[in-house]
Amino acid sequence: MERPNWAPGDIDLERPSVARVYDYWLGGAHNFAADRAVAQKTLETMPEIRDVVLNHRAFLRRAVRHLLGQGVRQFLDLGSGIPTVGNVHEIAQAADPEARIVYVDLDPVAVAHSRSILDSNGHVSVLQADVRDWAGVLASPEVDKQLDFDEPVAVLMIALLHFMSDDEDPWGMIGGYRDRLAPGSFLALSHAGYEANEETDSSREARKIYNRDVTRTTFRNKAELSRLFDGFALVEPGVVRVPAWHPESPADIGESGKRFPGFAALGRKEQR
Amino acid sequence: MTDRVDHRVREDRSPLDPAVLAGAESFARSWATAVIGSSYVPMTRAEVAQHLQDLTELLVEALFASPFRTAPGYEIGSRLVDAHFTGTDTLGRTVQLLGDDLLGELGFPGDERLHSRLAALQGALAAGYARALRERTLAEQEAIRAAVLDARDQAEAALRASEARFRAMFTEAAIGIGIAAIDGRILDVNQALQDMLGFSVEEMRQYNVRDLMHPEDAGSVWRLYDQLIAGECDHYRAEKRFHRADGEQVWTHLTLSLVRDDHGEPQYQVAMIEDVTDRHLLQNRLRYQALHDPLTGLPNRALFLERLGRVFNNRAKHVRAGLCYLDLDGFKVINDSLGHDIGDQLLVEVGRRLDHSVSGEGKLVARMGGDEFVILVEGSSGEQDIVDVAGRVLTELEVPIRIAGHELSVSASIGIVERQLSGTTSADMMRDADITLYWAKADGKARWALYDPERNAREVARFTLSATMPRALERGEFYVEYQPLVRLEDSTVTGVEALVRWQHPEFGRLAPDRFIELAEETGLIVPLGRWVLRRACEEARRWLEEFGDAAPFVSVNLAVRQSRDPELVRDVKQILDECALPPHHLQLELTESAIMGTADEPLEALRALCDMGVRIAIDDFGTGYSNLAYLKHLPVHELKIAGSFMEGLRAENEEDPVDSQIVATLVQLAHALSLGVTAEGVETPAQAARLLRLGCDTGQGWFFARPGPPENIDSLLRGDL
Ligand SMILES: C[S@@+](CC[C@H](N)C(=O)[O-])C[C@H]1O[C@@H](n2cnc3c(N)ncnc32)[C@H](O)[C@@H]1O
């Protein structure tokens, strides 16, 4: 029997939410005191966080633009968060008003907000679901309504998978989505992580606060990220630091580029 | 003045002035560097630069505009926010950069008037920015709060919908569902359960689960219940009966499940109850059909055996039990001659009469199949009980049965077993009843027979003997003894009778009366007889070689079956040949019935043997019914008078005139037919003397010698004794 994922009592504004803390870092006001308190605390510990999240968000923009350039017109944005500015549908529909997008998030507030602003957009659907339940997501009416799996679909997992531990089998989940995709479809992924010995004390400290007050994270390095692309061919330049993925200008990579605490890549599903 | 300056500015320092334009561009780049990275702006670096360039141009235009207005400053501030330059540092850096660098970049570092204009525009920009940011922040706050409310509504609606679904499932379910507290208080029951048990919810709420106990509940039902309540198991299934409000019973399949709270503590119990009464009744009916004979309606073999098994499993209740195993006499004939239909009707009537005559507590009449019935009497007090039952049954069956115009007289044979239950099994009892039924048939039908362990033992022994006889012959367990035939006149041994014995490994030495009849039945008599004949002939040959003319002939018994064996003549001839024994050294003894009652063929065999020179004797003469006229034509040389006639000649000083007369007559008869006479069973000197006087030729019996090994004969012939 189907039960709601969230009971009303579960929507607790005293508890920081991943989506709202992220929104605060991006400069948004879709957040509450508890979210701001943690976000602020981590920022004080590690001021670079703002730069980190901006880069993930910028990767989203670059990836979507790249995909549009490849002719992709369908997007499945997993862990889409709270819409602020520069959302997938804005980027995609600016290029092609016919582009179709399904946003999926587990956070009921993020989903409710997404729905309220997208209500009138017939080519966008919002689904509240746990992305780990790939079968449920793929079988949902929202996905069914917007996406045609005979055509290429881009699956986006931007700043998402560091919320999944190895025990939760991200490989299996990705495989579930991958098997549904037509050849020529894509997986875009950005992920927090360092190579060995790179993590600074301030980062460790900030991560501790985040893990404790918001949610647990699992960082993955370049090699580990590559392994998530089983069944996909990596698009040049492969798995790289987030700012280094198809930068729009050399200045984007900047100082931090070399040691940026996160990796990104785009994979293309091969012909079987 | 203001006008002049304005004029000058507009004319000389138009925003299109390349120098000013270059300054603005340079400023925009610095501005971009200063504000990028403090919030997310969905533009490339170049797009950001372009955006700020536009704003810079707007600002420059305002700076030189006439009349001077601060509104563009305000607009620039607001457009910064629109582009999501919302970082906390953005405004500060912008205002500072404007003050520090703009006029210098434009080429008017020391222009007081422009300074004051710029200050005014900075103020307006800050105000526009603050206003826009405030609006944006409020809008976003409101949006997110609205989203929270929406989300809550959604969750609540989903919960309500799900609750409604569950409620609907609960109320509409065809299966009975009940929920009770852990202490057993019934909290809610659905419509199906109310209908099933006939109580309303209100009534049910008065009850505790334990009030629903039924006397027929298996012990496990409530044992598992206790475990469930204690949280030791999470659910179980059981078959259970309930009382309905109207006093009827409901048979159900029950599944009871435990519901735990968030801490894993037992919270509720949920019962799912399925009414299987119909199925149960159907099963009962099927079971009835499986256990009853469709023709007579009586319990069938399966039910009978089940009941009998139960009697044995429940020995505490009864100490003894009895069985009548009944079979109609000659039913096959009725069936074959009048047809199955009549046969079936007859069985129905017999079944009815049986049931009628023995019905009662502790008695079961069953049809075992065909025309066999059985009556089980539980708790009998002794054999007489069952004998009475059998007697009643036989009497009941005496009255002829009318079927379709036929007046049928039936009788039955009954085997009775009645015994103490300890020390026996149901299988033993069935087997013994079956055997006893067979006895009743063998003893003449239309009767009962009572199981007799001794008779059974005898029959078992008989059976064992006949079963082991073929192996015994192979293993040489048989041997031959010889008893002299003595000429009364001079006490010379003229012949010897060969008598077969069996040295049985289990029963010891057995005389022919124990096994010859069996051998006749099984047919083994033929090879056995042939073997005896050969042994005897070999012995006779030995005597012939040793004693020449004084050697005795051997007299060998021929069983009826042997006498009819078509191979007889050939066998005898072959044996005589092999032993090189002259035929007159062999005498074959046949009983009266074997000779008289025979058809032509055996007689021809006897003639052939006679012609060959073999002597033929009639054994036990006088006990059968010989056709004396016929006797004349038979190829016979000797009559052996049965030992029973010797009784009256036994005593020393007194003789029975009748016996004596009979013997005398037989002797005369034999002599009249030119036959020799041998008296068997001569045991006393008086008998020997009298027989001699009556003219009898030869005597045989203990008076002369008992049967013994061939060496005894050797001694006799040598005159050792
Ligand atoms: C850091 S945000 C990233 C948002 C967006 N992808 C972006 O890059 O701007 C991660 C989002 O993933 C969502 N999320 C985390 N675990 C999830 C799961 N198992 N199923 C669905 N959404 C999940 C969170 O609610 C959050 O909104």
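In this text, all values refer to a predicted model and were calculated from it rather than measured experimentally.
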Donor-acceptor pair, side chain of [X] and main chain of [Y], under 3.5 angstrom:
| X | Y | value |
| --- | --- | --- |
| R61(A) | M43(B) | yes |
| R45(B) | E248(A) | no |
| Q141(B) | H30(A) | no |
| T137(B) | A29(A) | no |

| Atom group of R57(A) that falls short of 4.5 Å from chain B, counting heavy atoms | both
| task | Please look at R65(A) and chain B and tell me whether the side chain, the backbone, both or neither of the residue comes under 4.5 angstrom of a heavy atom of that chain. | result |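 For R65(A), the contact with chain B is made by the side chain alone.
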For atom [atom1] of [X], decide whether the heavy atoms of other residues, nucleotides or ligands shown that lie under 6.0 angstrom number more than 12.
| X | atom1 | result |
| --- | --- | --- |
| E142(B) | CD | no |
| M157(A) | CE | yes |
| R185(B) | CZ | no |
| F170(B) | CZ | yes |
| R131(B) | CZ | no |

| query | How close do D150(B) and S116(A) get, heavy atom to heavy atom, and via which atoms? | reply |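 Where D150(B) meets S116(A) most closely, the heavy atoms are OD2-CB, 4.5 Å.
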| note | Closest non-hydrogen contact found for S39(B) with G27(A) is CB-CA, 4.3 Å
| said: If you count heavy-atom pairs within less than 4.5 Å of chain B, which of A112(A), G86(A), S114(A) leads? | reply: A112(A)
| query | N31(A), V111(A), T84(A): which one forms the most heavy-atom pairs within less than 4.5 Å of chain B? | reply | N31(A)
| field | Any F32(A) side-chain heavy atom under 4.5 Å of I144(B) side chain | value | yes
| Given side chains that start at C-beta, do those of E140(B) and I82(A) come closer than 4.5 Å, heavy atoms only? |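 They are not in contact (no side-chain heavy atoms under 4.5 Å apart), so the answer is no.
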| query | Do you know which of N55(A), L26(A), V53(A) makes side chain to side chain contact (heavy atoms under 4.5 Å, CB included) with Y40(B)? | reply | L26(A)
| For the atom pair CG (L54(A)) and OG (S38(B)), what is the distance rounded to the nearest 0.5 Å? |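 So the gap between those two atoms works out to 8.0 Å.
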| message | Let me confirm one number: the CG-CZ distance from L13(A) to R152(B), rounded to the nearest 0.5 Å. | response |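 Separation between the atoms: 5.0 Å.
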